[in-house]
2 protein chains.
Amino acid sequence: MASMKDVARMADVSISTVSRVISNTIPVDPGTRRRVERAIKSTGYKPNLMARGLRIKSANLVGMLVPEIRTTSFSTLIEFVEESVEALGYNLLLGGTGGDPDREERFFENLTRRHIDGIIVSLVSDRSHLMRLIDRTDVPVVIVDRPFDRKDLPTVVMDNFRAGQMAGEHLLSLGHEKFACVTGDRDITIVRARLDGFRDALGKSGIALDENAITEGHFQYESGVKGVDTLLDRGVKFTALWAQNDISAIGALNRLRERGYRVPGDISLMGLDNVDDSWMARPALTTIAQPYKEIAAAAAELLLKLSRKEDIEETRIVLQPSLVIRESTGPVSS
Amino acid sequence: MASMKDVARMADVSISTVSRVISNTIPVDPGTRRRVERAIKSTGYKPNLMARGLRIKSANLVGMLVPEIRTTSFSTLIEFVEESVEALGYNLLLGGTGGDPDREERFFENLTRRHIDGIIVSLVSDRSHLMRLIDRTDVPVVIVDRPFDRKDLPTVVMDNFRAGQMAGEHLLSLGHEKFACVTGDRDITIVRARLDGFRDALGKSGIALDENAITEGHFQYESGVKGVDTLLDRGVKFTALWAQNDISAIGALNRLRERGYRVPGDISLMGLDNVDDSWMARPALTTIAQPYKEIAAAAAELLLKLSRKEDIEETRIVLQPSLVIRESTGPVSS
DNA sequence: TTGAAAGCGCTAACAC
DNA sequence: GTGTTAGCGCTTTCAA
C-alpha cells in the first residue's frame with residue numbers, strides 16, 4: 001500500500017504538500033495540486049486511518065452499544081445508524097452487552113483507547129450500570145430510544161407520551177371503553193411516559209385505567225403471554241388491549257387466541273414500534289410507528305456535532321410517532 | 001489518559017521495559033515487573049490501540065459485512081459473531097451494504113486503511129460484486145452462511161444438502177407424497193444444495209419433485225406469498241410445502257390461510273433457519289435449525305487463525321443442521 | 001535484563 | 001506556497 005511518501009516522491013513535492021492537498025485546508029498552487037492529484041491517482045494512495053487517527057486523536061469511528069443485537073427493535077436501529085454514519089464518512093463499531101456490566105465496561109474502555117469519536121447507546125433500564133460509564137468518559141454519548149430520566153444527557157427519542165395518547169385515541173375512536181395495558185419495566189422513563197399518555201387520552205373521555213388492568217412486563221414476547229394470563233386470571237374485563245411494544249403484543253395475540261378470544265372480534269389489540277414482525281403477524285398488528293430512521297439520523301448528526309464541539313441548540317431531540325392501522329383493531333362488539 | 005511514558009517515569013524505567021511487561025514476551029526482572037505493574041495500576045494506564053496498531057499493523061478489529069442488518073437471519077449471525085470476537089479480545093466493525101456495490105467497496109477500502117485483522121462476509125448472490133473485492137484484498141476473509149461456489153475461499157456453512165434431506169425426511173415420515181418447494185435464488189450455491197438434498201430424500205422414497213412444484217424466490221416474505229400463489233395457480237397439488245427459509249415460510253403460511261388452506265390440516269409447512277420469527281408464528285413453524293452460534297464461533301476462530309497466519313487444516317468448515325418440530329407440520333390427511 | 005533510538009504514516013507548527 | 005521538523009504512542013532492533 002502506497003504511503004504519502006510515495007506520492008510525494010512521485011509528484012516531486014514534500015509530504016506536507018501532499019497532506020495539504022488532501023486536507024484541502026491550506027492554499028496550494030494549482031499546478032502542484034494537479035501533479036499531486038495525479039500521483040495520488042496513479043499510486044492508488046489512500047490515507048492510513050490509524051496514522052491520521054493517532055495524530056489527530058480521532059478515529060473516524062462511532063460506536064454503538066445495545067443490550068441485544070438481534071432483538072428486532074435494536075437491529076432496526078442499528079441498520080439505520082450504520083447507514084447514517086456511513087453516509088457521513090464514519091464506520092460503526094458495534095457492541096452487544098447481553099446485560100453484562102463487564103462487557104459494557106470493556107466496550108467503553110476499548111472505544112476510548114481507540115479514540116472513538118462518539119458512542120450511541122440504547123439502554124434497558126434506568127438503573128443501568130452504564131450511567132456511571134457515561135458520566136466517567138469524555139467522549140460524546142447520545143442515548144437513543146430508551147433514555148434515562150436525566151435531562152442533561154444528549155438524547156434522541158420518540159415522543160412517548162404522544163405515542164400513548166395516540167394508542168388511546170385510536171382505541172377510543174373505535175368505541176372501546178374497557179381497556180387494559182401490558183407495559184415494559186415501569187422503572188424505565190419511556191414506559192411511564194407511554195402509560196401516562198395512554199391514560200391522558202382515556203381520561204379525556206372520562207375513562208380511568210385501573211392499576212388492575214395493567215401488567216408490567218419487559219418488552220418481551222413472554223411479557224405479552226403472561227400479561228394476558230394475568231389480566232384474564234384477575235378477571236379484568238377489557239375489549240381493547242395495548243401492549244407497549246410489538247413483540248409483547250405478538251405474545252399477547254397468540255395467548256389471547258389460545259384462550260379462545262378473537263382478535264379483533266372480541267378484543268382489539270395494538271402494539272408499538274412497527275417492526276417487521278408487526279406486519280407479518282396475522283392479524284397484522286395495528287401499531288404506533290417509531291420513526292427509527294429519523295431517530296438514527298438525528299442521533300448520528302447530534303453525536304458528530306458534539307464530537308466536533310459545535311455548539312448545539314438543543315441536545316434533547318424528540319421525534320413524533322405515527323399511527324399505523326392494520327387488522328388487529330376494530331370497532332367494539334356490542 | 002496516561003501513556004507509557006507516564007508509567008515509565010513513575011516506575012523509573014524506560015518505556016521499552018513497560019512495553020515488555022505488557023506484551024509479556026521478553027523476560028523482565030521480577031522486581032522491575034512488579035514496580036511497573038504497580039505504576040500501571042495506579043495510573044490506570046491502558047495501551048493506546050491506534051498507536052500500537054500503527055506500529056504492528058493490526059487494529060485488533062474484525063469487520064463484518066452483510067447485505068441487510070435487520071433481516072433476522074443476519075442480525076442473529078451478527079449477534080453471535082460479535083459475542084465470539086469480543087470474547088477473543090477483538091471489536092467488531094459492522095457494515096451493511098443494502099446491495100450497493102459502492103458501499104461494499106467503501107467498506108472494504110476503509111477497513112483496509114484501518115489495518116483490519118479480518119473480515120467476515122455474508123453474501124446474497126454468487127454473482128456478487130464482492131467477489132472481486134475479496135480477491136483483490138490481502139486481509140483474510142471468511143464467508144459465512146452463504147458461500148460462493150468457489151472452493152478456495154475460507155468458509156463456514158451449515159450442511160445445506162443435509163438440511164434439505166432432513167426437511168424431506170421429516171415430511172416423508174408424516175406420510176406426505178405430494179410436495180412443493182419455495183426456494184431462494186437458484187444461482188446461489190446453498191439454494192441448489194438444499195434443493196438437491198430435498199430431492200435426494202424424496203427420491204429415496206421413489207418420489208420425484210417436479211420442476212412445476214418449485215417456485216424460485218429470494219428468501220423474503222414476499223417470496224413465500226408469491227410462491228404459494230404461483231403453485232396454486234399452476235394447479236399443483238401438494239400436501240407438504242417446504243420453504244427454504246423461515247421468513248418466506250411465514251409469507252407462505254399467511255397466504256395459504258388467506259386462500260383457505262389449513263396448516264397443518266390441509267398442508268404441512270416447514271421452513272429453515274429457526275430464527276425467532278419461527279417460534280412466534282402461529283402455528284409455530286417446524287423448521288431446520290441453522291447452528292448460528294457455532295457458525296459464528298467457528299468463523300471468528302478461523303478468521304483469527306488466518307490473520308495470525310497459523311497453518312490451518314481445513315478452511316472449509318461444515319456444521320450440521322437439526323430438525324425442530326413444532327406445529328406447522330402434521331400427518332397427511334387422508 | 002535493560003535503555004536508546006528508529007520509525008510506523010500522518011499533521012501542524014515553524015521557517016523560508 | 002512549500003519544505004523541514006517534531007511528535008502522536010507504541011514496538012522493536014541494537015548495544016550495553
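Just so we're clear, the structure is a prediction, and the values are computed from it rather than from any experiment. Chain letters run A, B, ... following the sequence lines, proteins first and then strands; every chain starts at 1.
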Round to a whole Å and report the spacing from [atom1] of [X] to [atom2] of [N].
X       : N     : atom1 : atom2 : value
B:Asn48 : C:dC8 : CG    : C1'   : 13 Å
B:Asp29 : C:dG3 : CG    : P     : 11 Å
B:Ile26 : C:dG3 : CD1   : P     : 13 Å

Any B:Thr17 side-chain nitrogen or oxygen under 4.0 Å from OP1 or OP2 of C:dT1: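 No, no such contact exists.
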
Distance below 4.0 Å between A:Arg52 side-chain N/O and C:dT11 OP1 or OP2: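 True: A:Arg52 side-chain N/O within range (under 4.0 Å) of C:dT11 OP1/OP2.
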
Any donor-acceptor pair under 3.5 Å from A:Thr71 side chain to A:Ser73 backbone: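 No; judged by distance alone, with no hydrogens or angles, the pair does not exist.
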
With a 3.5 Å cut-off and no angle check, do the side chains of [X] and [Y] form a donor-acceptor pair?
X       : Y        : answer
A:Ser14 : A:Ser16  : yes
B:Asn91 : A:Arg114 : yes
A:Ser58 : A:Asp117 : yes

Polar atom pairs (N or O), protein with nucleotides 14-16 of chain C, under 3.5 Å:
none

Positions of residues 105-119 of chain B (non-hydrogen atom under 4.0 Å from DNA chain C), listed by number: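 Nothing qualifies; none.
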
Test item: [X] and [Y] side chains (from C-beta on) under 4.5 Å apart, heavy atoms:
X        : Y        : value
A:Arg38  : A:Met10  : no
B:Gln320 : B:Pro291 : no
A:Ile134 : A:Leu153 : yes

Sugar-phosphate, base or nothing in reach of B:Ile56, heavy atoms under 4.0 Å: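 The residue B:Ile56 makes sugar-phosphate contact but no base contact.
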
Touch class at under 4.0 angstrom, heavy-atom based, for B:Thr32 against every strand present: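 Answer is sugar-phosphate: B:Thr32 comes under 4.0 Å of backbone atoms only.
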
By salt bridge (charged side-chain N to carboxylate O under 4.0 Å, His left out) - contacts of A:Glu105 (at least two apart):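 A:Glu105 satisfies salt bridge (charged side-chain N to carboxylate O under 4.0 Å, His left out) with A:Arg136 only.
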
[atom1]-[atom2] distance between [X] and [Y], expressed to the nearest 0.5 angstrom:
X        : Y       : atom1 : atom2 : result
B:Ser122 : B:Ile78 : OG    : CD1   : 9.0 Å
A:Leu93  : A:Leu65 : CG    : CG    : 11.0 Å
B:Thr17  : B:Arg35 : OG1   : CZ    : 9.0 Å

Angle between terminal axes - the helix from C:dT1-D:dA16 to C:dC16-D:dG1, 5 pairs each end, rounded to 10°: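 The two end axes of the helix from C:dT1-D:dA16 to C:dC16-D:dG1 meet at 40°.
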
Test side chain to side chain contact (heavy atoms under 4.5 Å, CB included) applied to B:Thr155 and B:Val144, step by step: CA-CA 6 Å; B:Thr155 298; B:Val144 288; over 6 Å; no

Pairwise 5' ranking along DNA chain C for B:Lys57 and B:Pro30, keeping only the more 5' one: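 Its nearest nucleotide being more 5', the pick is B:Pro30.
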
Chi angles and distances behind the side chain to side chain contact (heavy atoms under 4.5 Å, CB included) call for B:Met1, A:Thr112: CA-CA 10 Å; B:Met1 256 185 70; A:Thr112 311; 3.9 Å; yes

Which pairs pass salt bridge (charged side-chain N to carboxylate O under 4.0 Å, His left out) with one or both residues in [range], sequence neighbours excluded?
range                       : value
residues 18-34 of chain B   : B:Arg33-B:Glu37
residues 299-309 of chain A : A:Glu301-A:Lys305, A:Arg308-A:Glu310
residues 63-76 of chain A   : A:Arg70-B:Glu79, A:Arg70-B:Asp276

Steps toward side chain to side chain contact (heavy atoms under 4.5 Å, CB included) verdict (A:Val81, A:Lys293): CA-CA 8 Å; A:Val81 165; A:Lys293 192 165 188 166; over 6 Å; no

Near-strand residues of residues 5-13 of chain A, defined as heavy-atom separation under 4.0 angstrom from DNA chain D: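 Those residues are A:Val13.
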
Strand-adjacent residues in residues 33-44 of chain B, judged by heavy atoms under 4.0 Å from DNA chain D: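 Heavy-atom cutoff 4.0 Å gives no residues at all.
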
Salt bridge flag under 4.0 Å for residues B:Arg316 and B:Asp152: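 Salt bridge flag = no for B:Asp152 with B:Arg316.
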
Basic-acidic side-chain contact under 4.0 Å: A:Arg132, A:Asp135: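 The answer is no: the pair does not qualify as a salt bridge.
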
Those residues that, when tested against B:Asn48, pass side chain to side chain contact (heavy atoms under 4.5 Å, CB included) (two or more places apart):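 Testing B:Asn48 for side chain to side chain contact (heavy atoms under 4.5 Å, CB included), a comparison that skips the adjacent residues, returns A:Leu54, A:His115, B:Met50, B:Ala51.
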
Check nucleotides 5-7 of chain C for protein N or O atoms closer than 3.5 Å to its own N or O atoms and list the pairs.
from: C:dG7; atom 1: N2; to: B:Arg55; atom 2: NH1; distance (Å): 2.9

Worked verdict on A:Val121 versus A:Phe108 for side chain to side chain contact (heavy atoms under 4.5 Å, CB included): CA-CA 11 Å; A:Val121 174; A:Phe108 263 75; 4.2 Å; yes

DNA chain D: 5'-most and 3'-most nucleotides touching chain A, 4.0 angstrom heavy-atom criterion: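 Result: D:dG1 to D:dG9.
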
